[in-house]
Amino acid sequence: MASSRRQYPFHLIEPKWQQAWEQQQAFRAFNPGDAVPEGHPFGIRHGLSGKVADRRTLPGKFYILDMFPYPSGAGLHVGHPEGYTATDILARYRRACGFNVLHPMGWDSFGLPAEQYAVKTGQHPRVTTESNIANFTRQIKSLGFSYDWSRELATTDVDYFKWTQWIFLRLYNSWFNPDSNLAESIETLKFPADCATEEKRRSFRDSKRLAYVSEAPVNWCPELGTVLANEEVIDGKSEVGGYPVIRKPMRQWMLRITAYAEKLLADLDMIDWSDSLKEMQRNWIGRSEGAEVDFKVAGSDELIRVFTTRPDTLFGATYMVLAPEHRLVDEIVTEEQCDAVENYRAHTARKSDLERTELAKEKSGVFTGAFAVNPVNGGKIPIWIADYVLASYGTGAIMAVPAHDTRDFEFATKFKLPIVQVVQPPDGKTEWQGFTDDGTSVNSTGAEVSITGLPTPDAKKQITAWLGEKGLGKKTINYKLRDWLFSRQRYWGEPFPIVWKKDAAGNLYHEALPESSLPLLPPSLEDYKPTADGQPPLARAQDWLNLPDGSVRETNTMPQWAGSCWYYLRYTDAKNAQSFVGRDADNYWMASNGRAAGVDLYVGGTEHAVLHLLYARFWHKVLFDLGCVSTPEPFFKLVNQGIILGEDGQKMSKSRGNVVNPDDVLVEYGADAFRLYEMFMGPLQDTKPWNTKGVEGVYRFLGRVWRLFVDAQAETAFEQAEATAVTLDAGLLDHLLLDGAIMDVAATAAQLKALHACIKKVTEDLDGMRFNTAISAMMVFTNEAMTWPTKPLSVVKLFLQLLAPFAPHLAEELWARLHSTFGLAATSLAYAPWPKFDAALLVESVIEIPVQVNGKFRDVIKVAADADNATIEAAAKAVEKAQPFLAGKTIKKVIIVPKKMVNLIVA
RNA sequence: GCGCGCGUGGUGGAAUGGCAGACACGCCAGACUUAGGAUCUGGUUCCGCAAGGAUUGGAGGUUCAAGUCCUCUCGCGCGCACCA
């Protein structure tokens with residue numbers, strides 16, 4: 001701090017305006033039906049002051065959303081405000097353009113760290129969470145973001161998670177009807193004829209719900225005493241602490257996201273996300289088209305169904321592989337092979353999924369002793385088990401075509417299994433062994449069917465059709481996407497509104513609580529650890545757990561993703577007590593704006609490219625099918641901000657000691673400089689290193705803007721007054737006077753041109769989210785304006801409007817001073833109409849045109865803007881610097897691009 | 001391995017197929033100054049005294065004209081990764 005003199009008194013200006021905005025609720029967004037308070041700047045701008053707004057009188061909406069943060073104990077890092085600054089600039093810009101802007105902030109506040117702290121200290125997670133939220137709020141507010149804080153929410157708010165639980169009940173009470181291709185109420189489900197008893201009907205219904213129960217292996221960490229999400233497990237160890245994690249089957253709640261695989265894939269086409277992001281979602285969904293084919297087991301009635309994307313290679317199937325867990329393994333294994341198979345299965349069962357994939361570069365497997373019959377040619381092929389076939393994908397069994405599949409090729413090579421060519425590569429030179437691309441079928445003729453000679457796509461079609469006719473197989477689509485494991489054995493999450501009961505036969509079954517019983521609060525506990533026998537912490541609360549009628553509550557809680565799946569909807573109607581979101585609010589804020597629909601702009605880190613964004617799209621689509629929301633997609637345009645690296649170009653981390661704390665930067669340079677620097681570093685989407693010298697650069701720019709407006713002598717007086725003042729308050733700013741060169745005079749043509757060039761550039765760059773070049777345009781303007789002997793009021797005023805979204809505090813202060821000095825009516829800068837540039841002012845009468853000789857730049861000529869080609873050609877030929885290259889040569893051709901350039905082609 | 005993206009001064013980065021390096025950092029020189037780590041002015045891609053030449057990872061190509069379009073290649077980053 002002591003290192004240098006302040007460029008300008010941001011330490012007084014910034015708190016002053018932050019308070020003013022808060023007092024005025026300047027950035028409150030109004031819903032249809034809201035009364036706009038008398039004198040609110042939004043009301044004044046739009047003629048709604050003191051009136052009740054409705055859809056007809058409200059201007060068009062613009063919904064700009066940040067991914068809400070998890071309020072960690074570490075506080076904000078410089079990566080958070082990068083996206084927040086970008087959205088804030090755009091929110092302020094859109095407001096100035098006349099939109100009704102929704103720009104909210106909230107907290108993704110359930111989560112493991114607060115719970116682990118609770119386990120260690122006994123401190124209730126809510127206490128930790130609230131103090132972290134308070135710290136995040138302070139930091140975010142100190143940056144001057146124009147959030148509508150009246151809509152603030154936290155996923156841990158009872159009024160919020162009540163509705164998260166409500167949405168869960170909607171999922172629970174719905175099924176996906178393949179005929180309508182929609183989620184529907186479970187009441188519309190038709191029972192098959194054999195569902196005679198209530199038990200059977202219940203079990204059938206439960207098997208169709210979008211939220212259902214299954215036994216699935218989970219990542220259990222005995223040391224931490226908790227289950228971890230897949231993304232919390234790295235190399236078989238817990239991300240926190242590095243303790244071993246084992247796979248353990250447990251009763252789990254699942255959400256049937258796979259029912260939406262096709263819609264989640266297809267609807268990517270209607271939204272404006274980056275190609276790479278869409279690609280990540282497509283990869284995750286992993287659609288693949290192929291066929292299911294049934295193979296008979298020789299000497300048995302059993303059929304083994306395989307999935308293949310290459311039915312055209314069926315004639316080349318020389319063996320078959322089942323996943324070790326495949327249910328038919330026990331049925332078909334021969335006595336001699338029994339021990340070997342059992343050993344192998346036991347061995348793979350001990351491996352985690354990770355070990356099975358990453359460590360098993362070398363193929364392994366065991367022969368079962370059984371054989372299958374290839375349906376196309378009757379050939380007997382051996383059946384193996386191997387862990388390179390996954391039980392969870394396709395049918396858990398494959399036909400192996402070693403000639404044309406890399407994995408099968410490796411396996412066959414290792415175990416000396418036959419390799420038969422059935423595809424000829426298109427060019428004769430390519431080796432057919434291991435050739436996996438399209439080619440022409442060969443050696444593919446059987447007694448009943450032949451595809452020899454057909455190109456791969458035709459061969460696929462033909463063989464699939466034949467299989468279908470014979471009832472041996474059919475065209476199938478498979479997805480990598482799995483159903484979503486939705487339960488966690490934790491305390492600090494939403495409890496499931498579910499109870500367990502026993503039927504007459506003593507079988508457990510689940511039942512939803514009625515909506516009227518929501519919210520279901522978690523019990524208070526002394527100890528947040530799981531029980532000794534591994535039950536989730538909620539099982540400790542006996543009073544809570546056991547209901548008077550003998551039923552028992554579900555003890556799992558929902559994962560952190562649950563709350564973030566719908567928070568953007570709640571923001572539109574954050575205080576609604578009757579509904580998760582009101583129909584009018586949803587209709588207004590999520591309306592189409594003439595394009596797809598939903599949130600107009602969503603900005604956040606790429607780490608949520610798949611999980612959060614896929615989960616939220618899924619919930620949204622279910623709610624859409626059920627008629628609860630009006631749009632099929634939640635987020636129309638999505639932008640990922642890049643990562644900010646440390647000054648050393650490395651990822652910021654405590655251990656490297658290269659973490660930049662926004663609080664420190666703010667003390668030294670102020671919020672406006674911080675915001676400006678975050679945007680000036682480079683394109684929003686890029687990864688880029690922090691550089692404190694760069695902050696100083698934009699800080700100096702703000703200082704130049706300050707000196708453009710403020711009288712130098714008055715500033716010296718102000719500094720002396722400040723030095724002797726007992727208390728520092730904004731009143732000291734009244735010592736400042738505007739620079740005398742700012743006058744209410746007509747602007748020169750050059751001044752107007754500089755201004756309007758700046759308006760044009762800043763406007764276009766804001767529309768394209770090119771913040772760095774917009775800032776550079778304002779620097780260019782300032783550098784030029786510094787040289788002006790007089791600074792016309794009309795020009796510098798408009799410049800402040802351009803600056804306002806970027807450096808709102810400084811702009812507001814100078815705006816207010818300008819208005820008071822010239823006796824103008826005080827208007828709110830935040831709602832002042834965005835300036836329009838006048839293209840006529842940018843037109844030059846004389847323009848410079850580059851002259852090239854043989855495509856090489858030699859000089860520029862100055863000609864009238866409307867000069868004809870003959871004039872330009874003559875001028876170009878006369879250019880002095882071109883003469884040495886023209887001498888003694890004939891000009892063969894002259895290329896003139898009007899107003900752009902001249903190219904003289906010589907021989 | 002597959003997919004996506006990116007390679008421009010000492011640095012961050014600009015450039016609808018038409019004057020490469022805007023703007024900023026850093027550096028150099030000067031002015032003001034007791035002082036400068038404030039401010040202001042000028043310079044700053046490389047080679048060359050200059051004229052001029054070279055130059056956007058590398059090699060080809062298309063074009064009157066290529067950082068920009070095409071092909072190949074090298075390097076970096078991200079994502080997925082035995083998905084049949």
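Being a predicted model, the structure only gives us computed values, none of them experimental. Each chain gets a letter, A, B and so on, in the order its sequence line appears, and its residues count up from 1.
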Cation over ring face, [X] and [Y], 6.0 Å, 45°:
{"X": "Arg6(A)", "Y": "Phe10(A)", "result": "yes"}
{"X": "Arg675(A)", "Y": "Phe806(A)", "result": "no"}
{"X": "Lys363(A)", "Y": "Tyr388(A)", "result": "yes"}

In whole Å, measure the gap between the [atom1] atoms of [N] and [M] for me.
{"N": "rG17(B)", "M": "rC69(B)", "atom1": "P", "answer": "8 Å"}
{"N": "rG79(B)", "M": "rA15(B)", "atom1": "P", "answer": "27 Å"}
{"N": "rG57(B)", "M": "rA66(B)", "atom1": "P", "answer": "15 Å"}
{"N": "rC72(B)", "M": "rG77(B)", "atom1": "P", "answer": "23 Å"}
{"N": "rG9(B)", "M": "rU44(B)", "atom1": "C1'", "answer": "10 Å"}
{"N": "rU11(B)", "M": "rC47(B)", "atom1": "P", "answer": "15 Å"}
{"N": "rG75(B)", "M": "rA24(B)", "atom1": "C1'", "answer": "28 Å"}
{"N": "rU56(B)", "M": "rU68(B)", "atom1": "P", "answer": "9 Å"}

Can you tell me the pairing partner of [N] across any strand shown, Watson-Crick or G-U wobble, with both distances under 3.5 angstrom?
{"N": "rG26(B)", "result": "rU44(B)"}
{"N": "rC64(B)", "result": "rG18(B)"}
{"N": "rU56(B)", "result": "none"}
{"N": "rC32(B)", "result": "none"}

Under 4.0 Å, heavy atoms only, any strand: does [X] hit a base, just the sugar-phosphate, or nothing?
{"X": "Gln7(A)", "answer": "sugar-phosphate"}
{"X": "Pro884(A)", "answer": "nothing"}
{"X": "Arg282(A)", "answer": "nothing"}
{"X": "Phe411(A)", "answer": "nothing"}
{"X": "Thr606(A)", "answer": "nothing"}
{"X": "Arg482(A)", "answer": "base"}
{"X": "Gly697(A)", "answer": "sugar-phosphate"}
{"X": "Gln852(A)", "answer": "base"}

For the pair made of [atom1] in [X] and [atom2] in [N], what is the distance, rounded to whole Å?
{"X": "Leu277(A)", "N": "rG79(B)", "atom1": "CG", "atom2": "C1'", "result": "10 Å"}
{"X": "Arg700(A)", "N": "rU39(B)", "atom1": "CZ", "atom2": "P", "result": "6 Å"}
{"X": "Met779(A)", "N": "rC23(B)", "atom1": "CE", "atom2": "C1'", "result": "6 Å"}
{"X": "Trp690(A)", "N": "rA24(B)", "atom1": "CH2", "atom2": "P", "result": "19 Å"}
{"X": "Lys688(A)", "N": "rG7(B)", "atom1": "NZ", "atom2": "C1'", "result": "17 Å"}
{"X": "Lys278(A)", "N": "rC78(B)", "atom1": "NZ", "atom2": "P", "result": "24 Å"}
{"X": "Asp859(A)", "N": "rA51(B)", "atom1": "CG", "atom2": "P", "result": "13 Å"}
{"X": "His608(A)", "N": "rC78(B)", "atom1": "NE2", "atom2": "C1'", "result": "16 Å"}

Residue pair [X] / [Y], side-chain donor-acceptor N/O under 3.5 Å:
{"X": "Ser392(A)", "Y": "Arg482(A)", "value": "yes"}
{"X": "Ser288(A)", "Y": "Asn478(A)", "value": "no"}
{"X": "Gln7(A)", "Y": "Arg704(A)", "value": "no"}
{"X": "Glu289(A)", "Y": "Thr309(A)", "value": "no"}

Among [options], which nucleotide has an atom closest to any side-chain atom of [X]?
{"X": "Asn903(A)", "options": "rA65(B), rA84(B), rG52(B)", "answer": "rA65(B)"}
{"X": "Val897(A)", "options": "rG18(B), rA22(B), rG13(B)", "answer": "rG18(B)"}
{"X": "Arg707(A)", "options": "rC40(B), rG18(B), rC25(B)", "answer": "rC40(B)"}
{"X": "Lys693(A)", "options": "rC25(B), rG3(B), rG53(B)", "answer": "rC25(B)"}
{"X": "Pro689(A)", "options": "rG18(B), rG12(B), rC64(B)", "answer": "rG12(B)"}
{"X": "Glu696(A)", "options": "rG26(B), rA84(B), rG3(B)", "answer": "rG26(B)"}
{"X": "Val389(A)", "options": "rG18(B), rA14(B), rA84(B)", "answer": "rA84(B)"}
{"X": "Trp284(A)", "options": "rC19(B), rC80(B), rC82(B)", "answer": "rC80(B)"}
{"X": "Phe307(A)", "options": "rC64(B), rC19(B), rA84(B)", "answer": "rA84(B)"}
{"X": "Asn783(A)", "options": "rG13(B), rC82(B), rC23(B)", "answer": "rC23(B)"}

Is Lys414(A) salt-bridged to Glu410(A), going by a charged N under 4.0 Å from an acidic O?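 No, Lys414(A) and Glu410(A) are not salt-bridged.
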Distance check, rounded to the nearest 0.5 Å: Leu645(A) atom CG versus Asn658(A) atom CG?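 Between Leu645(A) CG and Asn658(A) CG, I get 8.5 Å after rounding to 0.5 Å.
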Under a 90° cut-off about 0 for the syn range, is rG9(B) syn or anti?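 Nucleotide rG9(B) adopts syn.
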Polar pair under 3.5 Å, donor/acceptor by atom type, side chain Asn283(A), base rC80(B):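 No, no donor-acceptor pair under 3.5 Å.
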Heavy-atom donor-acceptor pair, Lys900(A) side-chain to rU16(B) base, under 3.5 Å: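 Yes.
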With respect to the phosphate group of [N], does any side-chain polar atom (N or O) of [X] fall under 4.0 Å of OP1 or OP2?
{"X": "Ser274(A)", "N": "rG5(B)", "result": "no"}
{"X": "Lys856(A)", "N": "rA54(B)", "result": "yes"}
{"X": "Arg704(A)", "N": "rA38(B)", "result": "no"}
{"X": "Gln685(A)", "N": "rC6(B)", "result": "no"}
{"X": "Asn854(A)", "N": "rA65(B)", "result": "no"}

Atom pairs and distances, side-chain donor-acceptor, residues 897-907 of chain A, under 3.5 Å, sequence neighbours left out:
unit_1	atom_1	unit_2	atom_2	d
Asn903(A)	OD1	Gly855(A)	N	2.9
Asn903(A)	ND2	Gln852(A)	OE1	3.4

With RNA chain B as reference, determine whether Ser392(A) or Phe857(A) sits nearer its 5' end, using the nearest nucleotide of each.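 Here Phe857(A) is the residue nearer the 5' end.
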5' priority, RNA chain B, between Met786(A) and Phe680(A) [closest heavy atom]: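 That would be Phe680(A).
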